[in-house]
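Values below: all heavy atoms of this structure, side chains included; hydrogens, waters and symmetry mates excluded. Just so you know, ligand 1 is whichever comes first in the structure, and atom 1 is the first atom listed for that ligand.
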Amino acid sequence: MGRHVGAPQLAAMLGTLRTDRPGYLELADAVRQLIDDGRLGDGVRLPAERELAAAMGVSRTMVTAAYRELRAGRYITSRRGAGSFTSLAGRRQPAARGLWSAGHAEVIDLACAALPAPPELLEAVRVAGTDLALYTRHSGYLPLGLPVLRERIAEKYTARGVATMPEQIIVTAGSLHSLHLVLKLLAGPGEKVLVESPTYPNALALLDQAGARLVTCGLGPAGWDGAQFLDMLAQAQPRLAYLIPDFHNPTGHVMPAQLREQLVAVSRATHTDLVVDETLVDLHLDGGPVPPPFASFDRNGRVLSIGSMSKAFWGGLRVGWIRTSAQVVQQLAAVAVDLGVSCSILDQLIAARLLESAATVVANRRAELAAQRDALVAALHEHLPEWRFRIPSGGISVWAELDAPVSSHLVKACEEVGVRLAGGPRFGAAGTLERFLRLPFTRPAPELEEAVRRIAAARAHLDARSRPYLTEPAVLA
Ligand SMILES: Cc1ncc(COP(=O)(O)O)c(C=O)c1O
């Protein structure tokens, strides 16, 4: 069965149309925006004209004219007897490829959303150097990871309410490595993988390289539309779903507990494995309870949780992990051996030592990020008051909705004034999200304030030079 969106659901997503232009143009624009914003994925069948007209309380003629507009703009294609389908054909492929470049000194780098190392790192390195003596008589090949680190990581899950044995953990060289192993084991080329839109760009690039067929499901201003996600999962029956439920990168949203539970239940029926990226889970900035982990609802071994030292500790360590059943851990280790990539013993020893001071390190991270977030938010309110955003309760970035679909253009202009950014299209599957920009708050407050001043000047300059707004996303090389 193809994927479709029901008339009441689409009507709800469209909301109230503006009335200052002919209705059919407003309707066509609103549908176009849902496609541009990645909230309606590629190849989704729209409701029949009559059904949408009834659900919206408008005339069928208006819907017919709107669909005609959308067809003319190649936003939908219609086939007699089959219906009308959203289309991203002819747009560029995912822009998210490769690593963010490190940049040079005077550039304010807001493309890379990561903190510098915590001060505790150097002491952990010193002690780990001594620990290493215990392992030098061993070959040093440990495809499952260092036992002491697996224990520490298992304890972390148990403390979060999911009883976990060290046998259920494999240590990897970071979250992306974890995703790579999972894809190799579970999803061959051409298999469907459900992803959020927007989502983490390097995961998109990896899925693209793995030949996955992406099915996207959009996040709206309030986060996941639960009914739409459950529907999409049931309709598409993907092999995997890659989800970022905790302080989602880039939007900062947190998935409610109920939807976690429902997704786990539906995944059982659709035979979908849920790859849950918890890289940002420790970074809640405003206190308060965090929903239970996905794994706590899993009775059928459908959840693979991916974690990392990168955000709460340091990306330079390259230490991550996967929590799943002991049996799947063994299979993943076999894949890791085949690929020949793993995390070094010394890095794992450092990680194990750092985890001993996790309470202090993470508390300091949260305080640092909260202060930087507040400085960024204040600067945005002052210099770019027309941009809209939700203040995230955690994570590393603000996801700003711009005043026009100029993200790629603005990113280019900002390069010229020494601010490196990742524009909205980086986070989408196929040339979408031009109205959005991710602004990480991982740099010190004065840098963030200076960056926002420069971005605001670049934005004003775009208008002054009266460059045309993009009707199609620019190619990012
Ligand atoms: C959701 C998410 N997953 C994974 C990563 C990268 O993690 P790692 O450095 O462990 O590969 C990031 C980094 O920003 C992220 O935001």
TODO: Mark the output for His177 as yes if a heavy-atom distance to ligand 1 is under 4.0 Å, and as no if none is.
DONE: no
- [ ] Just say parallel, tilted or perpendicular for the rings of Trp321 and Tyr157, cut-offs at 30° and 60°.
- [x] perpendicular
Task: Closest protein heavy atom to atom 14 (O) of ligand 1, given as residue, atom name and distance to 0.1 Å - done: Lys311 NZ, 2.6 Å
Task: Asp277 and Tyr200 side chains, donor-acceptor separation under 3.5 Å - done: no
TODO: Without swapping roles, check the side chain of Thr442 against the backbone of Ala113 for a donor-acceptor pair under 3.5 Å.
DONE: no
Task: Residue Ser308 vicinity, atoms of ligand 1 by number, heavy atom under 4.0 Å - done: 8 (P), 10 (O)
TODO: Pick one of side chain, backbone, both or neither for how Met309 approaches ligand 1, counting any non-hydrogen atom pair under 4.0 Å.
DONE: neither
TODO: Compute the shortest N/O to N/O distance between Ile396 and ligand 1 and return yes if it is under 3.5 Å, no if not.
DONE: no
Task: Electrostatic pair Asp347:Arg318 at N-O distance under 4.0 angstrom - done: no
Task: Under-4.0 Å heavy-atom contact with ligand 1, by part of Ser175 that carries it - done: both
Open item on the list: Considering non-hydrogen atoms of the protein only, which is the closest contact for atom 16 (O) of ligand 1, and what is the distance?
Closed with: Asn249 ND2, 2.7 Å
TODO: Go through the side-chain N and O atoms of Arg323 and Thr164 and say whether any donor and acceptor fall under 3.5 Å apart.
DONE: yes
Task: Residue Glu415 excluded, over 12 heavy atoms near CD under 6.0 Å - done: yes
Task: Nearest non-hydrogen protein atom, atom 6 (C) of ligand 1 - done: Tyr200 OH, 3.2 Å
Open item on the list: I need the atoms of ligand 1 closer than 4.0 Å to a non-hydrogen atom of Ile244, numbered in the order shown.
Closed with: 1 (C)
- [ ] On the 0 to 90° scale, with breaks at 30° and 60°, tag the Trp399-Phe436 ring pair as parallel, tilted or perpendicular.
- [x] parallel
Task: Closest protein heavy atom (residue, atom, distance) for atom 2 (C) of ligand 1 - done: Asp277 OD2, 3.4 Å
Open item on the list: Heavy-atom pairs closer than 4.0 Å: do any link ligand 1 to the side chain of Arg318, the backbone, both, or neither?
Closed with: side chain
Task: Side chains of Glu120 and Thr360, donor plus acceptor under 3.5 Å - done: no
